[in-house]
Each structure stands twice: as structure tokens, then as C-alpha cells.
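Below is one structure, written out as C-alpha cells; comments come after it.
Labels below follow one simple rule: chain letters A, B, ... track the order of the sequence lines, proteins then strands, and each chain is numbered from 1.
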Number of protein chains: 2
Amino acid sequence: MDAVETTWAHQLREAGLRVTRPRLSVLSVLADRPHADAGTILTGARELHPSLSPQAVYGVLEAFVAAGIARRIEPAGAPALFELRVGDNHHHLVCRSCGAVADVDCVVGAAPCLAPSDAAGFVVDEAEVVFWGLCRACQDRDRQVADAAEPVQLEEHGIRGGAGA
Amino acid sequence: MDAVETTWAHQLREAGLRVTRPRLSVLSVLADRPHADAGTILTGARELHPSLSPQAVYGVLEAFVAAGIARRIEPAGAPALFELRVGDNHHHLVCRSCGAVADVDCVVGAAPCLAPSDAAGFVVDEAEVVFWGLCRACQDRDRQVADAAEPVQLEEHGIRGGAGA
DNA sequence: TCCTTTTCTTGACTCGCTCAAGACAAGCGC
DNA sequence: GCGCTTGTCTTGAGCGAGTCAAGAAAAGGA
């Protein structure tokens, strides 16, 4: 176990979790790729632990989320993504075209960073903010396509319709 | 066809869609129940059109969303919900316990009503805000359970963990 | 009324995820 | 270092939401 794995092992024990190879593999993948989905995590973790099963990944991720080591985000129309960045209060930018996700720092800092104008009797503990748009790579690609063939509709980027918010 | 259906028929034609019984049935259910999922819509619409197929409902809803008649919302961990309220700029309150959804007016009004502090090269066109919490009914039920048996953890309400936003 | 085009029905299928049972291994006490 | 307890992982089945494709049916203009 190298220095990084020792740190992770310590973090797992701190959270009351046992230190196992599947867990270290998943941590390694998550550290490499923030915002990975379960499938990506499985593929990556299998490079370190070839016999790893999909169910083990789901179990590990659930344990991480419960222990506060990882955070689960679920953009509409996409499988759940997982990230190690927890504890701070940040939001996400999601590309409508390729699904790329980027972090945005919250200007307020503490959760919930927003309060609804009228809570309709709800006790609100979290405000989840997702910014939908087009990432730089997809903008560039669109420009190239538009230059090559004039009559191109930008409409096709809509993963979903809906009013803005 | 009654007066309400005539209005809907007009709205469908305005949007360039043909007027069909499945579409009128779905509109009727959506008018009755804002924030209904595809299954609920199917069940409701079958009261008016018994032979309606699930795929027809998906097709109708997709056509409505594309035409701007309906809006699709997808709270994390729940099937997609549909609502007729479009065009204005509002957000949603979601109950972690029972999944109930309520509308909240946006104080800003125009989309996107928020701008990320650093857009990381993204062109943002929409900010989606979901407030997570506990609805009044679930709060009441919890209080009753807590009164009946003292040592009750409120933890079990978490549909998902994760840091606040 | 006919004809074209859109829409709906039928049926098979994919994907993301969950559940259950038994095998396995981490880590504690000795 | 060894055995035991208990949490974790593997194996395999299954579920719900949603998609895809092809042919039948119906809307609506000529």
C-alpha cells in the first residue's frame, strides 16, 4: 500500500468503515475522475481489482455516501454521478450536449444557500442548484459544424426542454 | 367534446400537434394533477381512454415537452414528473420522505435567474433549483411517531445523503 | 371520400439499479 | 500468530423506467 492508499485507509477507518481492496480501488478512481458514474467507476476499479462486481461498487458507493466520504449527484436524464468533494457547498454545471459536469463554488457558502420565497409548509434543508448549458468543447464543435454546413439547427442540444429557472 | 377540451384542442393545433384522444386524455390528467409521473398519467388517462398504451403516454409527453405545452422535471431518485405550468420561471420543493412536489415562484422571474460565480467556459441558459426538505404532512407524521415512541432517529428521511447546496 | 402523414399499439429490449443468500476476509480478543 | 465475529463482497435473479422498431389506425387537408 503506498502513501496515498495509507491516507485513504486512515480516512475509511475514521469513518468507521473497514479497509478493503474494492474500497481503495473505488477511492482511487474517484480521486482520478471527479463526477464518475457507477459504470465508469467499475471499469476503472477493475484495473486495480479485476474480479470486482457491479454490486460491490454500488455497495461501496452507498457506504461512502452514508459515511460522508462521497457525494451523489443525479443530473436529470443521466445516471448518478459520484464525487469526493464533500463538506463544502458547491453546485454543478452540466453540459446539455455531452453531459460533462463541472463544479461551481457557492457564493454563499453554507447550506441551504438559498431560501424559497414561499416554502409552502416545507422545512427546507438543502437547495440544489444545477446550471444547464453548453461546455466549451461542445460550443467549439458546434461552431465547426456550422461553418462547414450553413443550415444547422442548434435545437438538437436539448437533452430536455422546459422553462429556465 | 366539452368546452375545456375545445380549448385544449385549440392549444394543440396552435403548437402544430394533431388533436387525438390520447393527447386530450393526458392533458386532462395533467390539469387535474400537476407533477404527475408517467405511470400516474397512464392510470388516469386510461379512465378516459382504456386502450391507451404506456408508449403512447411517453410519446405524447415527449411531444408536449418539445412543443412547450408541458415541462419535464426529474428530482433525483424519482421517475420524471410532468407539469403544464410552463413559460413562467418557477422552482420546486421536494419532500425527502414522501416525494411530494410543490411549486415555488422564482423571485427573479427570468431564466436563468442565477449566474454561476465562475462558468468554467460553459454558456449557461438555465439554472435549475430544487429545494429539498420535509413537507407539512411528513413533519406532522414524524411528530406523532416521536410522541408515541421516544427514541426515534430522524435520519431515516434521507433519500440521499450529500452536502447541502 | 380519398390519400398522405402523423400518431398509436404491440412487443421486445436496454439500462440503471436493487434484493437475497452464501462465501469471504478485516480486524478484534486471546 | 490464531480463531472468531461481523461486516463486506460475489453471484445470480429480478424490477421499474424508459427506448426502439414495425405495422395498424386515425387525423386532417385536398
Just compare C:dT9, C:dG16, D:dG28 and give me whichever is closest to any side-chain atom of B:V19.
-> D:dG28
Taking CG from B:L17 and P from D:dG28, how many angstroms apart are they, rounded to a whole number?
-> 11 Å
Nearest-angstrom distance from the residue atom CD of A:E62 to P of C:dG16 | 18 Å
Answer yes or no: is there a side-chain heavy-atom contact under 4.5 Å between B:R23 and B:F64?
-> yes
Rounded to whole angstrom units, what separation is found between the CG atom of A:L52 and the C1' atom of D:dT10?
-> 10 Å
Using whole Å, report how far CZ of B:R23 lies from C1' of C:dT9.
-> 14 Å
Under 4.0 angstrom, heavy atoms only, what part of the nucleic acid is B:T20 near: base, sugar-phosphate, or nothing?
-> sugar-phosphate
Can you figure out which of C:dT9, D:dG18, C:dC19 approaches the side chain of B:A38 most closely?
-> D:dG18
Could you walk me through whether A:L12 and A:L27 pass the side chain to side chain contact (heavy atoms under 4.5 Å, CB included) test, one step at a time?
-> CA-CA 10 Å; A:L12 286 171; A:L27 273 177; 4.1 Å; yes
Would you indicate, yes or no, if D:dT10 has its OP1 or OP2 atom less than 4.0 angstrom from a side-chain nitrogen or oxygen of A:S51?
-> yes
Reckon B:A80 touches a base, only the sugar-phosphate, or nothing at all at heavy-atom distances under 4.0 Å?
-> sugar-phosphate
May I have the distance from A:Y58 (atom OH) to C:dA20 (atom P), rounded to whole angstrom?
-> 17 Å
N or O in side chain of B:H49 less than 4.0 angstrom from C:dT9 OP1/OP2 | yes
Do NZ/NE/NH1/NH2 and the carboxylate oxygens of B:R85 and B:D105 come within less than 4.0 Å?
-> yes
From C:dC17, C:dT5, D:dT8, pick the nucleotide closest to the side chain of B:R18?
-> C:dT5
Should A:V101 and A:E83 count as side-chain neighbours, where that means a heavy-atom distance under 4.5 Å?
-> no
Taking B:Q11 for its side chain and B:I69 for its backbone only, find out whether a donor-acceptor pair lies under 3.5 Å.
-> no
May I have the distance from A:Q55 (atom CD) to D:dT8 (atom P), rounded to whole angstrom?
-> 17 Å
From CZ of A:R21 across to C1' of C:dA25 the rounded distance in Å is 13 Å
Between C:dC15 atom C1' and A:L42 atom CG, what is the distance in whole Å?
-> 14 Å
